[in-house]
Structure formats: structure tokens, C-alpha cells
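Here is the structure we will look at, set down as C-alpha cells.
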Amino acid sequence: MADRYLSFTATAPGRFLTRRLGLPQPAALSRWSPEHTSLTGNLLHLTAGKSTVGDLVAVLSRTGLPLGAADPAAVVLDATGVRDVDTLAEVHAALHPVVRSVAASGRIVVLGSPLDADDDHHRAAVQHALEGFVRSLGKEIGRGRTVNLVRLTDAAAAESTLRFLLSPRSAYVSGQVIGVGAQPPDEPGDRDRPLAGRTALVTGGARGIGEAVAETLARDGARVVVLDVPQAETDARRVAERLGGRALALDITAADAGERIAAELPDGLDVLVHNAGITRDRRLVNMPADRWGPVLEVNLASVLRTTDALLAKGTLRPGGRIVATASIAGLAGNAGQTNYGASKAGVAGLVRALAPRALAEHGVTLNAVAPGFIETRMTAAVPLFIREAGRRMNSLAQGGLPVDVAETTAWLAHPASGAVNGQVVRVCGQSLLGA
Ligand code: NAI
């Protein structure tokens with residue numbers, strides 16, 4: 001279902017009327033396309049305190065954006081050296097004069113230190129303070145601009161993350177705190193096709209977000225396997241054929257799904273995207289077991305089983321990536337979704353618990369995307385008023401598109417993203433739900 005309000009506010013009379021009525025003013029977001037691969041304008045590099053992250057300038061100069069103060073499309077504020085309230089004031093001093101000049105659909109990325117870097121509680125307090133700062137700025141900045149915080153120790157390890165956040169690919173990612181480790185990046189031979197020679201499997205890939213993920217991973221060079229239930233086989237084949245991949249008709253809840261995937265992929269798998277998901281909404285008082293069970297089976301139990309099987313069998317090769325799909329409903333809770341919320345919070349729990357071991361023992365990273373309101377068949381079925389509220393109640397005042405989740409998945413699947421592990425990244429335009 002198209003967002004007619006967004007189209008209306010893009011017209012002059014629509015803008016005039018909605019401004020007069022004090023209604024939300026969603027900006028048309030500027031997303032990646034083959035003709036629009038980069039932000040337009042300069043990258044302004046600012047510092048608060050004494051940086052602790054190594055050669056950030058070298059990394060920033062590889063983002064493709066010219067470094068300069070005029071007409072910034074993006075600002076990177078290195079606040080890794082903020083250690084007390086006085087150096088925190090440098091964050092204000094650095095950004096206060098430039099915020100207004102950041103272009104529409106521009107980016108502000110604040111860099112902070114990991115919270116466990118030492119036990120100086122003054123430093124910990126002001127490093128935490130950066131989260132409140134970033135989330136507040138994200139809520140007020142408007143015009144399609146995003147604000148995110150990256151906690152890092154080494155600029156080089158965070159290059160793929162900075163490239164993503166400083167590009168049109170991250171249009172619907174705002175208000176996030178992303179931790180990046182120190183794993184040296186594995187740079188792909190071909191930057192335009194970073195997944196060339198790799199195989200990616202997307203569950204629930206026949207439509208919606210999964211279809212967009214398959215498309216985006218194929219764009220990045222992956223051979224895609226589009227897995228979906230046998231009833232959706234025609235759609236799965238259509239998607240796979242268009243992308244030069246193959247379809248796999250399989251119900252992911254089958255007890256032996258992992259073994260069957262392993263048998264289909266004797267040469268191994270590099271990227272596994274757990275995207276298949278269902279809802280069976282009802283308040284708990286009215287929810288029979290047959291609405292609880294299937295949601296937990298599809299959204300959580302099958303994710304646990306197939307992850308275990310594909311790691312144990314070594315199907316997921318070293319350098320592999322698993323991206324699971326949580327939901328902001330799982331992080332914030334949502335009336336009528338005790339089953340769905342439980343399943344999606346479970347996915348986030350799995351990611352946090354297993355990620356360190358998956359990397360140490362198998363060389364595979366494990367992260368989750370947590371979509372907010374994304375325009376798909378699933379959300380088109382939501383009653384009108386709840387749908388309108390879902391769309392508007394975020395800092396960008398609009399729903400996201402499947403491609404926004406897909407681009408976030410592609411960043412996490414990137415060979416150079418090995419330092420990003422155990423993260424749950426919301427793709428929600430900084431939704432007020434659980435923010
Ligand atoms: P969708 O309903 O459009 O597509 C889901 C796909 O998964 C379908 O092709 C379906 O056939 C497949 N599927 C369902 N059960 C399966 C099974 N047992 N085995 C294999 N495939 C199965 O859903 P949408 O909107 O594209 O969502 C994709 C994922 O994103 C889901 O995990 C959903 O929970 C999550 N999500 C979606 C949000 C949204 O706003 N659309 C918000 C938050 C999370």
C-alpha cells in the first residue's frame with residue numbers, strides 16, 4: 001500500500017497545508033541507485049578530545065567523499081577522546097555551528113569508545129552521554145538526515161561500517177549505536193561486487209524484504225539461493241531466475257532443514273540470511289496455542305536449529321556471515337504480539353550469546369537487523385490507523401522500504417565487516433517504539 005501522505009507532502013500545496021496544520025513533514029529520502037552511489041557534498045571531520053582510533057583521516061579519505069568544511073553532506077565527529085564533562089562540551093562546540101549546514105539526507109556519525117575500555121567512571125559516564133546526545137539529535141535534525149554512534153577502537157576495522165553509514169545505503173538507519181571490534185578487514189578484490197564468488201542463502205526470499213535482500217546480495221556479486229515454502233515455489237523461482245540464482249522449496253521449520261540445505265550446498269555457504277518470518281497477532285488472553293507455536297517455530301526455533309546445523313557441519317565457511325531478522329516489536333514489545341515479540345527478542349538473544357563463539361570457533365560473524373515499519377504485504381495488512389501511526393512515529397516520519405533492510409544486511413554480509421559481530425541494528429528511521 002503506497003504512502004499517499006508522503007506523496008502529498010512532496011507537492012507544494014501538500015507541503016503548505018500540512019505545515020499550516022503542524023503535521024509531520026517527511027522528507028523524500030535519497031537512496032542508493034546505480035546513478036546515485038554516493039552522498040553529494042563534502043565530508044567534514046571534527047574532533048572532541050584527543051582521538052584514540054588511529055588513522056581516521058586515511059579511512060575517511062577512502063569513503064569517496066571529499067574532505068572539506070563547505071556544504072557538508074556528512075559530518076564525522078571523533079569523540080573517542082571524550083573523557084570528562086569538559087571534553088564532552090567539545091562535542092557541543094564542534095557540532096553546534098555546523099548542524100544547520102548539513103545537507104538534506106545528510107549524515108552525522110559520532111565516534112565513541114567501547115564502554116568497557118577502562119573502569120574510569122567519569123569517562124564511562126560521558127561516553128554513555130554520547131548515546132543520549134546522538135538519539136536526541138536524531139529526533140530533532142529532520143530533512144531526512146540521520147545521526148548514528150559507532151563505538152570503535154580502530155578506524156581501519158570500522159571502514160566498511162563508516163562507508164555504509166556515510167552513503168545513501170543507510171537512508172533509514174538512524175539513532176543507532178553500533179559496536180565495532182578490532183578484527184582487521186578482509187578487503188574484497190572487487191569493491192563494486194564485494195560478494196563475487198560467494199554464495200548467499202536467503203530464507204523467505206520469494207517476496208517482501210527477503211526478495212530485496214536477495215536482489216541486493218546479487219547486485220553485490222553473490223550467487224543467491226532463494227529459499228521459501230513449497231507453496232511459494234513459483235515466486236521463489238521467478239526471483240531466483242531474475243537474479244541468476246536458484247530456488248530451494250523448503251519449509252524452514254522442517255526438523256532436518258539444516259541438513260537439507262547442507263546437502264544442497266556441498267561447496268559450502270558464505271552468507272546465511274534468516275529472513276523468513278510470520279505473525280499471528282492476538283492478545284495473550286485470546287491466543288490459543290496454535291497461534292503461539294507456529295510463530296515461535298518459524299521465527300526462532302528454525303533459526304536456532306539451522307544455525308546450529310550449518311555451523312556444526314562446516315557448511316558456513318570461515319569468513320562467513322549470518323544475518324538474522326529481529327524486529328523492533330521484539331525489542332520494545334507490542335500489544336497483540338506476545339508470540340512475535342518473544343520470538344524476535346529471542347533472535348536478538350541468540351545473536352548476542354552465540355556471536356563471540358561463532359567467530360572464535362568458525363570464523364563466522366552473527367548479527368541481526370531489527371526492522372521497524374517497512375512497507376511490505378505484512379504491513380499493508382495492518383489496520384489503517386495503526387498503519388498510519390507506525391509509518392509516522394519515527395524521526396523520518398515515514399515507513400522504510402525493503403531495500404533499506406537489504407542494504408543493512410549487505411553491509412553486515414560484506415567481507416570487510418568482520419569486526420562487526422553480535423550487533424542488533426535497527427532499521428527503523430529511529431522509531432519511537434522502544435527508542
Ligand atoms: P512477508 O510475509 O512479505 O515475507 C515472508 C516470507 O517468508 C514469505 O515469502 C513466506 O512464504 C516466507 N516464509 C514464511 N514461513 C516460512 C517457512 N516456514 N519456511 C520458509 N519460508 C517461509 O514478510 P516481510 O514483511 O518481508 O518480513 C520479512 C522478515 O522481516 C520477517 O522475519 C519479519 O518478521 C521481519 N520484519 C518485518 C517488518 C515489516 O515491517 N515488514 C518489521 C519487522 C520485522
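Atoms within a ligand are numbered from 1 in the order they appear, just like the ligands themselves. Here, residue 1 is the first one in the sequence, and each next residue gets the next number.
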- [ ] Return yes when atom CG of Asp71 has more than 12 non-hydrogen atoms of other residues, nucleotides or ligands closer than 6.0 Å, and no otherwise.
- [x] no

Open item on the list: Does His128 have more than 12 heavy atoms from other residues, nucleotides or ligands lying within 6.0 Å of its NE2?
Closed with: no

Any Lys/Arg nitrogen of [X] or [Y] sitting under 4.0 Å from an Asp/Glu carboxylate oxygen of the other?
X: Asp235; Y: Arg238; value: yes
X: Glu159; Y: Arg191; value: yes
X: Arg391; Y: Glu375; value: yes
X: Asp3; Y: Arg392; value: yes
X: Glu264; Y: Arg260; value: no
X: Glu233; Y: Arg237; value: yes

Under 4.0 Å, heavy-atom basis, I'd like to know which part of [X] is in contact with ligand 1: side chain, backbone, both or neither.
X: Ile252; result: both
X: Thr379; result: side chain
X: Gln231; result: neither

TODO: Take Thr199 and Arg223 through the test side chain to side chain donor-acceptor pair (under 3.5 Å) and record every step on the way to the result.
DONE: CA-CA 5 Å; Thr199 302; Arg223 282 185 302 266; 3.0 Å; yes

TODO: Could you go through the side chain to side chain contact (heavy atoms under 4.5 Å, CB included) check for Asn299 and Tyr340 one step at a time?
DONE: CA-CA 8 Å; Asn299 298 3; Tyr340 185 77; 3.4 Å; yes

- [ ] Tell me yes or no: between the side chains of Ser170 and Arg107, is some donor less than 3.5 Å from an acceptor?
- [x] yes

For [atom], what is the closest protein heavy atom, and at what distance to 0.1 Å?
atom: atom 7 (O) of ligand 1; value: Gly204 CA, 3.3 Å
atom: atom 10 (C) of ligand 1; value: Asp228 OD1, 3.4 Å
atom: atom 30 (O) of ligand 1; value: Thr325 CG2, 3.4 Å
atom: atom 4 (O) of ligand 1; value: Arg207 NE, 3.6 Å
atom: atom 34 (O) of ligand 1; value: Tyr340 OH, 2.6 Å
atom: atom 38 (C) of ligand 1; value: Gly372 O, 3.9 Å
atom: atom 26 (O) of ligand 1; value: Ile209 N, 2.8 Å
atom: atom 23 (O) of ligand 1; value: Met378 CE, 3.9 Å

TODO: Compute the shortest N/O to N/O distance between Pro371 and ligand 1 and return yes if it is under 3.5 Å, no if not.
DONE: no

- [ ] Before signing off on this row, confirm whether Ser327 and ligand 1 have an N or O atom pair separated by under 3.5 Å.
- [x] no

List every atom of ligand 1 that sits less than 4.0 Å from any heavy atom of [X], numbering the atoms from 1 in the order shown and giving each element.
X: Val229; result: 11 (O), 16 (C), 17 (C), 18 (N), 19 (N), 20 (C), 21 (N), 22 (C)
X: Asp251; result: 17 (C), 18 (N), 19 (N)
X: Val298; result: 15 (N), 18 (N)

I'd like to know if [X] contacts ligand 1, where contact means a heavy-atom distance under 4.0 Å to any ligand atom.
X: Asn275; value: yes
X: Gly390; value: no
X: Ala326; value: yes
X: Glu297; value: no
X: Val405; value: no

- [ ] Of all the heavy-atom pairs spanning Leu65 and Gly41, show the shortest one and how long it is.
- [x] CD2-O, 3.6 Å

Task: Heavy-atom closest pair, residues Arg219 and Trp32 - done: NH1-CE3, 3.3 Å

Task: Option of least heavy-atom distance to atom 14 (C) of ligand 1 (set: Val427, Val369, Ile278) - done: Ile278

